[in-house]
There are 2 protein chains.
Amino acid sequence: MARNLANAATKRGASAPKRNIRWNGVSGLKGQRREVILRSVANVLRNSRLSSLTIQDVADELGMTKGNLYYYFKDKQDILYQCHMRSMEISLRALEEATAKGRTPSESLRILLTGHIRGILDDGFGGILQTDLDNFRPDQRKTYVKKRDELERGARGMIEDGIRAGEFDPVNVKLTGFAILGAINWIPKWYRPTGAFSPDTIVEEMVNYFLRGLQRQPGASQKPLSKKKRQREQHEQ
Amino acid sequence: MARNLANAATKRGASAPKRNIRWNGVSGLKGQRREVILRSVANVLRNSRLSSLTIQDVADELGMTKGNLYYYFKDKQDILYQCHMRSMEISLRALEEATAKGRTPSESLRILLTGHIRGILDDGFGGILQTDLDNFRPDQRKTYVKKRDELERGARGMIEDGIRAGEFDPVNVKLTGFAILGAINWIPKWYRPTGAFSPDTIVEEMVNYFLRGLQRQPGASQKPLSKKKRQREQHEQ
DNA sequence: AAAGATTTTTAACAGCGGTTTAAATTCAGT
DNA sequence: ACTGAATTTAAACCGCTGTTAAAAATCTTT
């Protein structure tokens with residue numbers, strides 16, 4: 001019964017029991033198992049809804065006792081936080097790829113949004129986005145919000161670039177960004193892996209729609225962009 | 001101390017204490033107070049986040065004890081359900097207005113989305129949308145989902161009409177509908193009444209963006225709409 | 001002022017779910 | 001096989017929060 005986690009962890013990597021690292025490092029054995037647990041949370045998240053995400057559920061999914069989870073994580077909040085970060089990292093990778101040189105704003109934005117959506121659909125951490133950050137510890141919230149802002153700023157930057165380049169209509173960058181990212185964040189609410197729409201279809205169709213709304217209309221009036229008045233931030237959580 | 005609710009209820013309507021109806025009707029005294037309570041939930045929802053929406057909070061907001069709430073509602077679930085319905089009714093009113101005769105699809109859709117967003121921003125029940133329907137009683141869920149589907153079908157219908165009329169691009173109606181409504185449902189996550197954006201601005205900017213993404217591009221290829229293959233429903237909650 | 005219904009409070013209950021602790025088990029290395 | 005470290009379990013704890021029941025207070029009517 002004590003092999004469950006180990007089994008899960010080494011399921012893919014043959015049966016080689018050779019483990020030379022034993023300490024508590026990021027990539028140590030304990031660290032690996034932490035990842036297994038987090039992936040398991042993602043699984044639970046896929047099926048049941050967030051409101052019923054209980055420590056017990058996660059333990060059941062793994063076939064271990066809930067007490068054991070506290071050997072790997074400080075508390076539930078910590079687990080949730082880690083999930084948030086995993087999810088965010090995937091999206092930030094997409095941002096990185098998107099901001100590579102030599103792309104038009106449309107191309108960049110398409111890559112970013114595609115990667116962002118795929119991350120939500122594929123890795124299963126999407127559902128975590130519904131959680132609010134209220135019971136994060138200050139440092140956790142700070143770290144997470146920083147990265148989230150990075151993502152949002154990235155998306156907004158591309159929209160701005162597109163407007164400046166005359167490729168996009170002069171929309172309100174911030175609100176349009178909220179609209180796009182909000183629509184994406186909402187996906188886990190209706191998406192079901194067994195449903196009618198494949199991730200490919202969803203990505204294709206949604207990203208197309210998002211971009212079409214930005215594309216400059218030939219007959220549109222050219223409003224002068226950027227009055228440069230830094231509007232106060234409106235974004236609590 | 002027993003006047004709190006009454007005070008709140010009659011705050012606006014002068015100090016006339018005449019109450020001829022006493023029974024438990026929809027519009028009876030008890031019914032009126034129920035509305036006051038629900039509005040109070042909306043207030044709590046505006047400030048704190050949903051995860052911390054506790055019966056105690058609601059009672060505090062009203063200046064009464066939590067036990068008293070059970071004189072007006074069966075249980076917490078019931079309260080939440082009522083909030084859902086209030087919120088939905090507002091949106092359905094917008095749908096009704098939007099589907100009046102003699103409007104183009106764009107016009108209809110604009111009215112619907114405007115009313116829907118305004119409802120979320122103004123009445124304060126928007127935050128309730130984050131809740132999942134898991135712990136609804138079957139009948140509650142059925143009733144609510146029926147109305148929600150009505151709203152979604154309404155929106156989709158307008159998109160379809162627009163495509164048929166050559167006014168909109170031939171998008172995937174369902175997914176585009178998810179995108180639009182999802183973006184709207186997400187609004188309570190970032191909107192703050194004291195923030196930089198007024199409801200007017202938000203409505204204006206978002207609805208414009210949503211419609212621009214639908215508008216037929218002059219050079220776009222005309223895909224034949226409606227293969228009529230009823231795709232399986234993908235929408236659990 | 002009294003009676004009866006309505007409304008509110010008080011206080012206690014109950015269960016769920018996160019957390020802790022110590023004991024038991026497993027594992028790696030000798 | 002033995003030892004100590006790493007891992008897991010079992011069981012209990014505990015606080016929070018929804019809920020209930022009965023008593024107290026208030027209001028309405030006569």
Side-chain angles (χ1 to χ4, degrees), chain A residues 1-10 15-25 28-34 36-37 40-41 44 48 50-81 131 134-135 137, chain B residues 1-10 15-25 28-34 36-37 40-41 44 48 50-60 62-81 131 134-137:
Chain A
M1 179 60 74
R3 314 304 302 311
N4 283 327
L5 253 186
N7 283 341
T10 61
S15 58
K18 48 168 172 290
R19 34 177 91 138
N20 29 20
I21 328 173
R22 206 196 291 91
W23 29 267
N24 279 6
L29 182 52
K30 202 168 172 181
Q32 286 178 282
R33 296 195 169 176
R34 266 195 265 261
V36 175
I37 293 176
S40 175
V41 174
V44 177
S48 68
L50 193 67
S51 62
S52 58
L53 175 65
T54 167
I55 287 286
Q56 184 64 57
D57 288 339
V58 179
D60 287 348
E61 175 82 14
L62 287 156
M64 72 182 187
T65 56
K66 59 178 181 176
N68 196 9
L69 287 171
Y70 288 82
Y71 177 70
Y72 293 100
F73 294 94
K74 185 182 166 298
D75 52 23
K76 185 182 181 182
Q77 222 30 249
D78 191 21
I79 297 179
L80 259 30
Y81 169 70
T131 339
D134 282 5
N135 14 22
R137 290 199 317 267
Chain B
M1 181 58 76
R3 314 305 300 313
N4 284 328
L5 254 184
N7 284 343
T10 61
S15 59
K18 51 171 170 287
R19 33 177 92 140
N20 29 21
I21 329 175
R22 206 198 291 91
W23 30 267
N24 279 5
L29 182 53
K30 203 168 172 182
Q32 286 178 281
R33 296 196 170 175
R34 265 194 267 260
V36 175
I37 294 176
S40 174
V41 174
V44 178
S48 66
L50 193 66
S51 63
S52 57
L53 175 65
T54 167
I55 287 286
Q56 185 64 55
D57 289 339
V58 179
D60 288 348
L62 287 155
M64 72 181 187
T65 55
K66 59 178 179 174
N68 197 8
L69 288 172
Y70 288 82
Y71 177 69
Y72 294 100
F73 294 94
K74 187 183 164 298
D75 52 23
K76 184 182 182 182
Q77 222 29 249
D78 191 20
I79 297 179
L80 260 30
Y81 168 70
T131 340
D134 281 7
N135 14 21
F136 273 29
R137 289 198 317 265

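Only heavy atoms go into these numbers, but all of them, side chains included; no hydrogens, no water, no symmetry mates. Throughout, protein chains are lettered first and strands after them, A, B, ... in sequence-line order, and every chain is numbered starting at 1.
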Contacts under 3.5 Å, N or O only, protein and nucleotides 16-20 of chain C:
{"residue": "C:dG18", "atom": "OP1", "partner": "A:Lys76", "partner atom": "NZ", "Å": "2.6"}
{"residue": "C:dG18", "atom": "OP2", "partner": "A:Thr54", "partner atom": "OG1", "Å": "2.7"}
{"residue": "C:dG18", "atom": "OP2", "partner": "A:Ile55", "partner atom": "N", "Å": "2.9"}
{"residue": "C:dG18", "atom": "N7", "partner": "A:Lys66", "partner atom": "NZ", "Å": "3.0"}
{"residue": "C:dG18", "atom": "O6", "partner": "A:Lys66", "partner atom": "NZ", "Å": "3.4"}
{"residue": "C:dT19", "atom": "OP2", "partner": "A:Tyr70", "partner atom": "OH", "Å": "2.6"}
{"residue": "C:dT19", "atom": "OP2", "partner": "A:Lys76", "partner atom": "N", "Å": "2.8"}
{"residue": "C:dT19", "atom": "O5'", "partner": "A:Tyr70", "partner atom": "OH", "Å": "3.3"}

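Two residues are said to be in side-chain contact when any heavy atoms from C-beta on lie closer than 4.5 Å; B:Lys30 and B:Tyr71 meet this criterion. Looking only at side-chain heavy atoms (C-beta outward), B:Leu69 and B:Met64 come within less than 4.5 Å of each other. Side-chain contact between B:Asp60 and B:Gln56: present, with at least one pair of heavy atoms (C-beta onward) separated by less than 4.5 Å.
Between A:Arg33 and D:dT8 there is a side-chain polar atom (N or O) within less than 4.0 angstrom of OP1 or OP2. For C:dT7, neither phosphate oxygen OP1 nor OP2 lies less than 4.0 angstrom from any side-chain nitrogen or oxygen of B:Asn68.
Partners of B:Asn135 by side-chain hydrogen bond (donor to acceptor under 3.5 Å, both in side chains), not counting sequence neighbours: none found. Taking the side-chain hydrogen bond (donor to acceptor under 3.5 Å, both in side chains) definition, one finds that B:Gln77 meets it with nothing, sequence neighbours left out. Partners of B:Asp57 according to the side-chain hydrogen bond (donor to acceptor under 3.5 Å, both in side chains) rule, which considers only residues two or more places apart in sequence or in another chain, do not exist here. With sequence neighbours left out, the ring-ring contact (aromatic ring centres under 6.0 Å, His included) criterion links B:Phe73 to no other residue.
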TODO: Might you work through the side chain to side chain contact (heavy atoms under 4.5 Å, CB included) test for A:Lys66 and A:Lys76, ending with a clear yes or no?
DONE: CA-CA 11 Å; A:Lys66 59 178 181 176; A:Lys76 185 182 181 182; over 6 Å; no
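Between the C1' atom of D:dT9 and the CG atom of A:Leu69 lies a distance of 12 Å, rounded to the nearest Å. With rounding to whole Å, B:Tyr72 atom OH is found 8 Å from C:dT8 atom C1'.
One axis for each end of the helix from C:dA1-D:dT30 to C:dT30-D:dA1, each built from five base pairs, and the angle between them comes to 10° at 10° resolution.
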